[in-house]
There are 2 protein chains.
Amino acid sequence: MTYSIKEVADMMNVEPSTLRYYDSMGLLPGVKRVNGRRVFEDKDFKWLRVLNYMKKINMPIDKIRSYVELAEKGDSTLQERFDMILEQKEIVLGQIDELKKCLKEFEYKEWYYTEAIKAGTEKVVENVTSCSPTLEVDTIPKN
Amino acid sequence: MTYSIKEVADMMNVEPSTLRYYDSMGLLPGVKRVNGRRVFEDKDFKWLRVLNYMKKINMPIDKIRSYVELAEKGDSTLQERFDMILEQKEIVLGQIDELKKCLKEFEYKEWYYTEAIKAGTEKVVENVTSCSPTLEVDTIPKN
DNA sequence: ATACAAGTTAAAGTTAACTTTAAGTCAAGG
DNA sequence: CCTTGACTTAAAGTTAACTTTAACTTGTAT
């Protein structure tokens, strides 16, 4: 089974131009051409899938490319790739942790506004939310 | 207690220029000035904290600003703010869910490379990872 | 045969979120 | 008095990740 760039783009929910861009960045190795046109095969979805979850964790394209390049080199890079995967796994764990903390803040705000709406004014809950600068402010991530 | 822009920047782990930028975007309402210089007070950390977790969930600055603007209008916007918070809470839940799926992929890859390294070659596990295009590829998020 | 839809490239344009630069103000120390 | 360091603004520059454009080719339908 083969697929046109449009078909793959639709499956992946991106624009064809995005796939061309990924290809030009070296993220889609080994995609066949027929008359200059990209023809996607089942094996290409292996990479598309990898691309998919690597992008979801906000891995920069340059880093994804280096992983792809390692994979292209074959068995001699197994350890390096393993190390990269482990590192990214830790990053995902950290991201999940951060988001869970944020979730708590939103749940708190949900309660806060529920109470405020009940009372018709924020004054009723404002005192509860006063924060000490040092204790409650954790770091804003650089990006 | 008051703080200079540099002190706050250090606490928040951002550049002073970033705080000026946030201020210029309307994200830091009510910061005092003395001789034209920003002087942060404890009450300002309430907003910095909100800014902090809103940025962590990748809420765009424009959307944060509209929340800040609603808050500035007072009690008449309580319901609107509640709705925004609820919406964002759902978004965070979705993000956590996505990341958990990604985590599984990385854990799988961890196992994959562990086996491959043991065997000295990927061939041993390659067949396990063949994917059907439709079943295993879920959508790449637009951004 | 011819028009049209879908593909191609290279290069320029876009957007968000900062960051840097240039030119200036101000308070404190020597 | 003068220098230094930390602040100020407005405006220009940066970066990543696309997206659009322009000019062109190709396969399919009428």
Side-chain angles (χ1 to χ4, degrees), chain A residues 2-41 44 47-48 50-68 88 91 95 98 139-143, chain B residues 2-28 30-41 44 47-48 50-68 88 91 95 139-143:
Chain A
T2 67
Y3 308 84
S4 72
I5 196 164
K6 181 73 170 79
E7 288 172 325
V8 176
D10 285 347
M11 283 188 240
M12 309 293 293
N13 209 26
V14 296
E15 296 294 319
S17 68
T18 307
L19 289 181
R20 284 189 205 106
Y21 168 68
Y22 290 160
D23 194 6
S24 75
M25 293 282 101
L27 267 42
L28 300 175
V31 173
K32 270 195 188 160
R33 298 287 186 122
V34 174
N35 285 319
R37 288 161 190 220
R38 289 171 189 83
V39 173
F40 291 80
E41 299 167 295
D44 296 317
W47 277 119
L48 287 165
V50 170
L51 188 49
N52 194 8
Y53 62 77
M54 288 193 167
K55 286 210 57 55
K56 273 186 186 158
I57 66 161
N58 285 313
M59 203 169 154
I61 280 182
D62 268 14
K63 208 163 189 179
I64 302 179
R65 187 197 10 236
S66 34
Y67 176 79
V68 172
Q88 292 305 314
I91 289 174
Q95 287 174 344
E98 280 294 278
T139 54
I140 294 182
K142 273 268 176 176
N143 187 1
Chain B
T2 66
Y3 309 84
S4 73
I5 196 164
K6 181 73 170 77
E7 288 171 327
V8 176
D10 286 347
M11 284 188 238
M12 309 293 292
N13 208 27
V14 296
E15 296 295 318
S17 68
T18 308
L19 289 180
R20 285 190 204 106
Y21 168 68
Y22 290 160
D23 193 7
S24 76
M25 292 283 102
L27 267 42
L28 300 175
V31 174
K32 270 195 188 158
R33 299 287 185 123
V34 174
N35 285 319
R37 285 157 193 225
R38 290 171 187 83
V39 172
F40 291 80
E41 300 167 294
D44 297 318
W47 276 119
L48 287 166
V50 170
L51 188 51
N52 194 7
Y53 62 78
M54 288 193 168
K55 285 209 57 57
K56 273 186 186 158
I57 65 161
N58 285 312
M59 202 167 155
I61 280 182
D62 269 14
K63 208 164 191 179
I64 302 179
R65 184 190 21 231
S66 35
Y67 176 78
V68 171
Q88 291 304 314
I91 289 174
Q95 288 174 342
T139 55
I140 294 181
K142 271 269 177 173
N143 187 2

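All chains are named by letter (A, B, ...) in the order of the sequence lines, taking the proteins before the strands, and each is independently numbered beginning at 1.
Distances were taken from every side-chain heavy atom of Ile61(A) (C-beta onward) to each of dT9(D), dA17(C), dC18(D); the shortest belongs to dC18(D). Taking only side-chain atoms of Ser4(A), from C-beta outward, the nucleotide of dC18(D), dA17(C), dG7(C) with the closest atom is dG7(C). Here the nucleotide nearest the side chain of Thr18(B), chosen from dC18(C), dT20(C), dT19(D), is dC18(C). Set against dT8(D), dC18(C), dT19(D), the side chain of Lys55(B) has dC18(C) as its closest nucleotide. Taking the side chain of Arg33(A) as heavy atoms from C-beta on, and the options dG7(C), dA17(C), dT9(C), the nearest nucleotide is dT9(C).
In this structure a side-chain-to-backbone donor-acceptor pair under 3.5 Å is missing from Arg38(A) to Val31(A).
Taking atom CG of residue Asn58(A) and atom C1' of nucleotide dA17(C), one finds them 14 Å apart after rounding to whole Å. Atom CG of Leu27(A) and atom C1' of dC18(D) are 13 Å apart (whole Å). In this structure, CD1 of Ile5(A) is placed 13 Å from P of dA6(C), rounded to the nearest angstrom. Rounded to an integer number of Å, the gap from CG of Leu19(A) to P of dA6(C) is 16 Å. Rounded to whole Å, atom C1' of dT8(C) lies 13 Å from atom CZ of Phe40(A). Atom CD in Glu15(A) sits roughly 17 Å away from atom C1' in dT8(C) (whole-Å rounding). Per the geometry, CG belonging to Asp62(B) stands 12 Å off P belonging to dC18(C), to the nearest Å. Here the P atom of nucleotide dA17(D) and the NZ atom of Lys56(A) are 17 Å apart, to the nearest Å.
Rounding to the nearest 0.5 Å places OH of Tyr53(B) at 14.0 Å from CD of Glu98(A). Residue Ile91(A) holds its CD1 atom at 10.5 Å from CG of Asn58(A), rounded to the nearest 0.5 Å. Summarising the geometry, atom OH belonging to Tyr3(B) is positioned 5.0 Å from atom CE belonging to Met11(B); distances are rounded to the nearest 0.5 Å.
Counting heavy atoms from C-beta outward, Gln95(B) and Gln95(A) have side chains that stay 4.5 Å or more apart.
Side-chain N/O atoms of Asn35(B) include one lying less than 4.0 angstrom from OP1 or OP2 on dA27(C). Contact annotation: Tyr22(A) side-chain N/O to dA17(D) OP1/OP2 distance is not under 4.0 Å. Between Tyr21(A) and the phosphate of dT20(D), there is no side-chain N or O to OP1/OP2 separation shorter than 4.0 Å.
When each of Arg37(B) and Arg20(A) is assigned the nucleotide of DNA chain C with its nearest heavy atom, Arg20(A) is the one assigned upstream, toward the 5' end.
Backbone-only engagement by Pro60(B) is indicated by non-hydrogen atom pairs under 4.0 Å involving sugar-phosphate atoms exclusively.
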